[in-house]
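Note that the coordinates shown come from a computational prediction; the quantities given were computed from them, not determined experimentally. Just so it is clear: chains get the letters A, B, ... in the order the sequence lines come, proteins before strands, and each one is counted from 1. Values reported hereafter were calculated over all heavy atoms of this structure, with side chains retained and with hydrogens, waters and symmetry mates removed.
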Protein chains: 2
Amino acid sequence: MVADTRVVEELKAAILRGEFSPRQRLVEIELCEQFDASRFAVRAALQALEADGLVERQRNRGARIREIGIDEAVEITEVRQVVEGLIARRAAERVSVDEAEALAAIGRAMHEAVAAGEVAEYSDLNARLHSMLRDIARHEKANSIIAHLHGQMVRHQFALSRVPGRSKVSVHQHQAIIDAVVEGDGDAAEQAMRTHIASVADALRGIG
Amino acid sequence: MVADTRVVEELKAAILRGEFSPRQRLVEIELCEQFDASRFAVRAALQALEADGLVERQRNRGARIREIGIDEAVEITEVRQVVEGLIARRAAERVSVDEAEALAAIGRAMHEAVAAGEVAEYSDLNARLHSMLRDIARHEKANSIIAHLHGQMVRHQFALSRVPGRSKVSVHQHQAIIDAVVEGDGDAAEQAMRTHIASVADALRGIG
DNA sequence: ACGACCTGTATTGTCGACAATATTGTCGGC
DNA sequence: GCCGACAATATTGTCGACAATACAGGTCGT
């Protein structure tokens, strides 16, 4: 991934923004024009994104956006369940008083967002909470694996956020995680996180 | 990773066999001679192995074998702890009678190997057991993550196998995993696996 | 009308040459 | 003798051109 980091980042961002549909072909020359780069840089970017699991390539057939079905999304969520469980446990063991207060503030904001029916705001807070837990846990390997898995889930994440009534359920699960972490109870934090993501997995299976 | 899969595999195998030392520079032209390949293929291989976490590259400075310190090895083991826990749970839920018998056979062979003091044989059985559990669990995402993490651990794995008395301890942990999986008890299987890998993590910390 | 084959086109794979950059070695000044 | 600047070398980065391959559409024979 040495060659021109710019192209890699822009292409990845474009995919994550959903500018390409699953199984859509990615023709190298078209990408060259779109990102104003050489074929060399585009090829390197495609190779990097293949390793990221965002695109798939077949010899002499080129690259296409990898399609991630419900079954694979469920598997990803199952792995996330245990790895984020580890993160929650570590966060509970290492949380500082300042961080604890910040977590509690997110919890309060979540309740307000749900009460006001602001789904976009709630979705944003959700991302902030998980991200903050990763920062607190300071577990590089776990964090990088979660980032890797998250990149493959964007499309389904979007579908999930549209399932009606999910925020009402998940706000209590989030609160349970926050409480356990703030109290420094690693066991409870891991358990709460696993319960939470298990319900995400169930919701995913419900879509399929 | 389209280009010449042969070079990627051979280079990866060579690294895993320990033919290069950590932080050793990998000069492209030397690799070209060693594997009788073009620089193009070698570059592609290096890029692929960078994504694999085996090699690190800096712009205009080339590639070198990535050094994985004890602290990182511990983090890897902590992630393995929860992901292999998931695998053990799934294996317990899906095991067939034939598979159960095969697991039990490995358990008996392990006891014999320990009694006879055959450490190489025991190490081999250990790999076979974990591999068989992955086959039984049939969880692609979990399996691929474990494979990915395992590749970065080879050096430390070797160091671990030389810690005296480890096999005497771990044989009982392995038996506990086998028993739980054979009985189809997912909770117990996950717990046993986590206990087992926790002791691996402790041994690693002891080395450092 | 249908299928096998063949040809043209679009696209990707590979290479060799050159440019850009880092690293090493050398020299002169102090 | 030591330090900085500069030159020489080693190594990687980038590109354009060509080869190899797959795919689509048409042609021929039956």
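- Without hydrogens or angle criteria, Q152(B) side chain to D52(B) main chain gives a donor-acceptor distance under 3.5 Å.
- Within the 4.5 Å cutoff, no side-chain heavy atoms of R138(B) are placed close to those of N143(B).
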Review item, nucleotides 15-17 of chain D N/O atoms under 3.5 Å of protein N/O:
residue, atom, partner, partner atom, Å
dC15(D), OP2, S38(A), OG, 2.5

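- For the pair R57(B) CZ and dT12(D) P, the interatomic distance rounds to 9 Å; values are reported in whole Å.
- Here the side chain of E50(A) pairs no donor or acceptor atom with the backbone of E56(A) at under 3.5 angstrom.
- Between R108(B) and E101(B) there is a salt bridge, since a side-chain N of the basic residue sits under 4.0 Å from a carboxylate O of the acidic one.
- Contact check of residues 27-36 of chain A against DNA chain C (heavy atom, cut-off under 4.0 Å) returns V27(A), E28(A).
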Quick one: side chains of residues 195-204 of chain B, donor-acceptor pairs under 3.5 Å with protein atoms, not counting sequence neighbours, listed by atom name and distance.
residue, atom, partner, partner atom, Å
T195(B), OG1, Q191(B), O, 2.9
H196(B), ND1, Q173(B), OE1, 2.8
H196(B), NE2, H174(B), NE2, 3.1
S199(B), OG, Q173(B), OE1, 3.3
S199(B), OG, Q173(B), NE2, 3.4
S199(B), OG, H196(B), O, 3.1
D202(B), OD1, R205(B), NH1, 2.9

Validation: residues 153-162 of chain B side-chain donor-acceptor distances under 3.5 Å, sequence neighbours left out:
residue, atom, partner, partner atom, Å
R155(B), NH2, F20(B), O, 3.2
H156(B), NE2, I68(B), O, 2.6
S161(B), OG, F158(B), O, 2.8

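- Under the 3.5 Å distance criterion, the side-chain polar atoms of Y122(A) are matched with a main-chain donor or acceptor of V171(A).
- Here the P atom of nucleotide dG13(D) and the CD atom of Q58(B) are 11 Å apart, to the nearest Å.
- Taking the charged nitrogens against the carboxylate oxygens, E72(A) and K141(B) do have a contact shorter than 4.0 Å, which makes a salt bridge.
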Give me the distances for all protein-to-nucleotides 19-22 of chain C N/O pairs that come in under 3.5 Å?
residue, atom, partner, partner atom, Å
dT21(C), O3', N60(B), ND2, 3.4

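- Among the atoms of the strands shown, none is found under 4.0 Å from any heavy atom of L46(A).
- Looking at R25(A), its side chain never comes within 3.5 Å of a backbone N or O of R64(A) through a donor-acceptor pair.
- R89(A) and E190(A) are joined by a salt bridge, as a carboxylate oxygen and a charged side-chain nitrogen come within less than 4.0 angstrom of each other.
- Between the P atom of dT14(D) and the CZ atom of R43(B) lies a distance of 7 Å, rounded to the nearest Å.
- Taking the C1' atoms of five terminal pairs at each end of the helix from dA1(C)-dT30(D) to dC30(C)-dG1(D), the two resulting helix axes are inclined by 10°, rounded to 10°.
- Checked by atom type and distance alone, the side chain of S123(B) never pairs as donor or acceptor with a backbone atom of V119(B) at under 3.5 Å.
- Of the possible donor and acceptor atoms, one in the side chain of S96(A) sits under 3.5 Å from a partner among the backbone N and O of E99(A).
- A salt bridge links R90(A) to E78(B): one of the charged nitrogens lies within less than 4.0 Å of a carboxylate oxygen.
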